J.: 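Quick one: this structure, given as structure tokens, is what I'll be asking you about.
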Amino acid sequence: DQLKMMDIVYQTFQESKHALIEAGTGLGKTLGYLLPAAYYSVRNQEPVIISTYTIDLQNQLIHKELVHLQQMLPFPITTAILKGRSNYISLAKFDRALRMRDDHYDSALTKMQILIWLLHTETGDRDELNLTSGGELYWERLQSAKSITNSLQSAWQHLDFFERAKSYSEKADLIITNHAYLMTDYFSKTNQQLKSHTLIIDEAHQLENAALKHLGQSIDYISMKMQINKIGLHEQKQLLYKLNTMRMDAGLGAFYESRQHNLLIQETVFELEQFFQLLSTVCQEVGQDHQYKNTLTIQTLLHTHRNAQHLVMIAERLSEQFNKLGFMLQCNVDELIQKASPGKTQLFHLSEIEQVAETFLRYAEQLKEYFLHNKDSVLYWAEWNKNSPSRYVYLYSQPIEGGTEMWFRFFGQQKSVILTSSTLTVKGSFQYMRNKMGLHNEHIETYSFPSLALISVISVTHFISGFSAWKSR
């Protein structure tokens, strides 16, 4: 069966077709697609993209399975690993961060940890680090991102780890990525990197979950409060204070006096506290009435509780507050970029401010969507823990169907796609998977191999001998 799977994978690529392959436990699924993919790529001088569900599985593939594959093959293959931009450090940002005094223990520890790591890393990938929770927060300031920092980045561009990873992938035979990055690219209108390619989707039954997770959104008190804290009160000398200082240094004048500055932040925090306090009360009471444990839809919440209208009003005020803050921050960043000549450290701070502004504007839109302008195609719900404080209520949204448009908008445009997993059928039929992926009328080959207790690796010689015969010609 492993040999048959190898033949199917190779033939599907050769004929530019699409296929669903269920490979049961013990078959040797990974080798069943890796070997023909390597053979096809080298023979046709065409890269094959392999995507799996998680970064952990991606790392296992690159550090274990592909090492074994290379030992079996009589010809060399080149591989590259691609993850999302935020997984890579920005050396330009880290350079600026090192120049700033920081007395916080977690920040100082993380700086030292990264300095030592940079002496050894070849990838700049955060998964090589074992960061503390405080280190994870500090990483957010250092992760690679598209923003206004082009001037800041220019001196480090030739060393940029994310750009280097993309460059390696352009020369690789096999490109290893994960569903999250694949979905990020899929929903990007400008990134053409993964378009019109030959793809293998491992753990394909999780693909819709990855798409839904990417399309989904969430709101919670802690995340919102942390973003507000980044702006800070005047005496805390956080980002808003730094923005005012930059304006003064550039001769543009302060846009807020310290009292007005503090009042704006305090009003936002007040509305945030009021919103989550009332939301928690409503959730607890409606949950008891409907005998729910800790989950309910926002529609249920708004149609049954006496204070629902008051909750909507607070949500609208909080949305307006976030919109005001985000718009104010973004306008000031734009003005400083256009009218001043910010230095590299100032650009570093402006990049942080811009990211916070984008987050505030996103919060404003989310609150409106959750409580004022629901979309028919999206499900909205609340979750909470009865034993947690009142602020620990989480709001979520996800499209009701994520896979229906997925095939037509992305995978159907590829040259050849193989979707494989150990569980693709329900009662022996692929129909459920076809429906999830939107493959109702698509011509796609389907194959199912049962689980095996033992497999033989002798089948590898079939491809090796075939490649050697082709090479000798």
Side-chain angles (χ1 to χ4, degrees), residues 1-15 17-82 169 172-179 182 197-207 416-425 433 445-471:
D1 284 345
Q2 189 186 49
L3 174 59
K4 290 179 182 178
M5 179 177 175
M6 291 179 180
D7 284 334
I8 289 167
V9 170
Y10 184 76
Q11 200 64 32
T12 300
F13 287 162
Q14 281 290 88
E15 297 175 3
K17 292 182 177 180
H18 307 309
L20 281 166
I21 304 176
E22 182 180 64
T25 304
L27 177 74
K29 168 173 61 72
T30 304
L31 185 62
Y33 66 70
L34 276 181
L35 196 111
Y39 180 37
Y40 174 85
S41 177
V42 172
R43 183 169 188 176
N44 293 277
Q45 296 295 295
E46 179 184 320
V48 175
I49 295 174
I50 300 171
S51 177
T52 191
Y53 183 43
T54 65
I55 289 178
D56 287 340
L57 290 171
Q58 184 181 2
N59 289 333
Q60 179 181 330
L61 200 61
I62 198 87
H63 297 301
K64 181 181 177 181
E65 306 293 349
L66 284 168
V67 172
H68 292 163
L69 176 66
Q70 185 65 82
Q71 293 170 350
M72 297 177 187
L73 296 174
F75 54 90
I77 57 171
T78 57
T79 59
I81 188 166
L82 269 182
S169 71
D173 301 312
L174 301 179
I175 302 170
I176 314 301
T177 188
N178 55 77
H179 296 351
L182 198 66
H197 265 295
T198 303
L199 274 76
I200 294 174
I201 310 297
D202 197 359
E203 299 295 313
H205 65 287
Q206 298 284 7
L207 189 61
S416 182
V417 180
I418 290 176
L419 300 153
T420 185
S421 176
S422 59
T423 52
L424 289 181
T425 60
M433 187 65 186
E445 304 292 336
T446 58
Y447 306 91
S448 181
F449 298 101
S451 300
L452 300 174
L454 296 171
I455 63 168
S456 171
V457 297
I458 298 175
S459 55
V460 172
T461 58
H462 172 83
F463 279 93
I464 293 177
S465 60
F467 182 84
S468 299
W470 166 77
K471 192 173 181 181

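Side chains included, hydrogens not; waters and symmetry mates left out as well; all remaining heavy atoms used. All values derive from a computational prediction rather than experimental measurement.
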J.: Hey, is the main chain of Tyr53 close enough, under 3.5 Å, to the side chain of Gln206 for a donor-acceptor pair?
T.: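 Side chain of Gln206 to backbone of Tyr53: no pair is present.
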J.: If the test is side-chain contact (heavy atoms from CB on, under 4.5 Å), which one of Leu73, Thr78, Val48, Ile77 qualifies with Val42?
T.: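 The option that passes is Ile77.
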J.: If we only count heavy atoms from C-beta on, is the Asn178 to Leu57 side-chain gap below 4.5 Å?
T.: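 They are not in contact (no side-chain heavy atoms under 4.5 Å apart), so the answer is no.
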J.: Atom CD1 in Ile81, atom CG in Leu174: separation rounded to 0.5 Å?
T.: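 Here the interatomic distance stands at 12.5 Å.
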J.: Please report the closest heavy-atom contact between His205 and Ser421, naming both atoms and the distance.
T.: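 Scanning both residues completely, I find the closest heavy atoms to be ND1-OG, 2.7 Å.
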J.: Find out whether Leu66 and Ile176 are in side-chain contact, i.e. whether some heavy atom of one side chain is under 4.5 Å from a heavy atom of the other.
T.: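 Counting from C-beta outward, Leu66 and Ile176 do come under 4.5 Å.
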J.: State whether a side-chain donor-acceptor pair under 3.5 Å links Gln14 with Tyr40.
T.: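 No donor-acceptor contact under 3.5 Å links the two side chains.
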J.: Return the minimal non-hydrogen interatomic distance between Pro47 and His197, and the atom names on each side.
T.: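 Distance-wise, the nearest heavy atoms are CG-CE1, 3.5 Å.
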J.: To the nearest 0.5 Å, how far apart are CZ in Phe13 and CZ in Arg43?
T.: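 Nearest 0.5 Å value for the CZ-CZ distance: 15.0 Å.
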J.: Find out whether Leu31 and Met72 are in side-chain contact, i.e. whether some heavy atom of one side chain is under 4.5 Å from a heavy atom of the other.
T.: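 Yes; the side chains approach each other to less than 4.5 Å.
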J.: Decide yes or no for Lys29 and Glu203: does some side-chain heavy atom of the first lie under 4.5 Å from some side-chain heavy atom of the second?
T.: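 Yes - at least one pair of side-chain heavy atoms lies under 4.5 Å apart.
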J.: Short question: side chain of Ser422, backbone of Ala23 - any donor-acceptor pair under 3.5 Å?
T.: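 No, because the side chain of Ser422 does not come within donor-acceptor range (under 3.5 Å) of the backbone of Ala23.
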J.: With no hydrogens and no angle check, just 3.5 Å: does a side-chain donor-acceptor pair link Thr420 and Asp202?
T.: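 Their side chains do not contain a donor-acceptor pair, so the 3.5 Å distance test is not met.
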J.: Rounded to the nearest 0.5 Å, what separation is found between the OG atom of Ser448 and the CD1 atom of Ile21?
T.: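 The distance works out to 10.5 Å.
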J.: Within the side chain of His179, is there an N or O that forms a donor-acceptor pair under 3.5 Å with the backbone of Leu207?
T.: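 It does not hold such a pair.
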J.: How close do Ala19 and Tyr447 get, heavy atom to heavy atom, and via which atoms?
T.: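 Closest approach of Ala19 to Tyr447: CB-CE1, 4.3 Å.
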J.: Taking atom types as modelled and ignoring hydrogens, do the side chains of Thr12 and Glu445 form a donor-acceptor contact shorter than 3.5 angstrom?
T.: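 No donor-acceptor contact under 3.5 Å links the two side chains.
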J.: Which atoms form the tightest heavy-atom contact between Phe449 and Lys4, and what is the distance?
T.: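 Nearest pair, atom of Phe449 first, then Lys4: CE2-CB, 3.9 Å.
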J.: Between Glu22 (side chain only) and Thr446 (backbone N and O only), is there a donor and an acceptor less than 3.5 Å apart?
T.: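 No; judged by distance alone, with no hydrogens or angles, the pair does not exist.
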J.: Quick check against the 3.5 Å criterion: does Thr177 have a side-chain atom that pairs as donor or acceptor with the backbone of Leu82?
T.: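 Yes: the side chain of Thr177 pairs with the backbone of Leu82.
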J.: First locate atom OG of Ser169, then atom CD1 of Ile49, and finally report the distance between them rounded to the nearest 0.5 Å.
T.: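 Reported to 0.5 Å precision, the distance equals 8.0 Å.
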J.: Got a second to check how far Ser51's OG is from Leu419's CG, nearest 0.5 Å?
T.: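 Interatomic distance, Ser51 OG to Leu419 CG, rounded to 0.5 Å: 10.5 Å.
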J.: Please answer whether the main-chain N or O of Phe75 pairs with a side-chain N or O of Gln70 as donor and acceptor at a distance below 3.5 Å.
T.: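 Flag set: sc Gln70 to bb Phe75 pair under 3.5 Å.
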J.: Does a side-chain heavy-atom distance below 4.5 Å link Leu199 with Leu182?
T.: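 Yes, their side chains come closer than 4.5 Å.
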J.: Kindly say whether Glu46 contributes a backbone atom to a donor-acceptor pair with the side chain of Ser41 at under 3.5 angstrom?
T.: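 Yes, Ser41 side chain to Glu46 backbone: donor-acceptor pair under 3.5 Å.
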J.: Atom CD1 in Ile8, atom CD1 in Ile418: separation rounded to 0.5 Å?
T.: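 Ile8 CD1 to Ile418 CD1: 9.0 Å, rounded to 0.5 Å.
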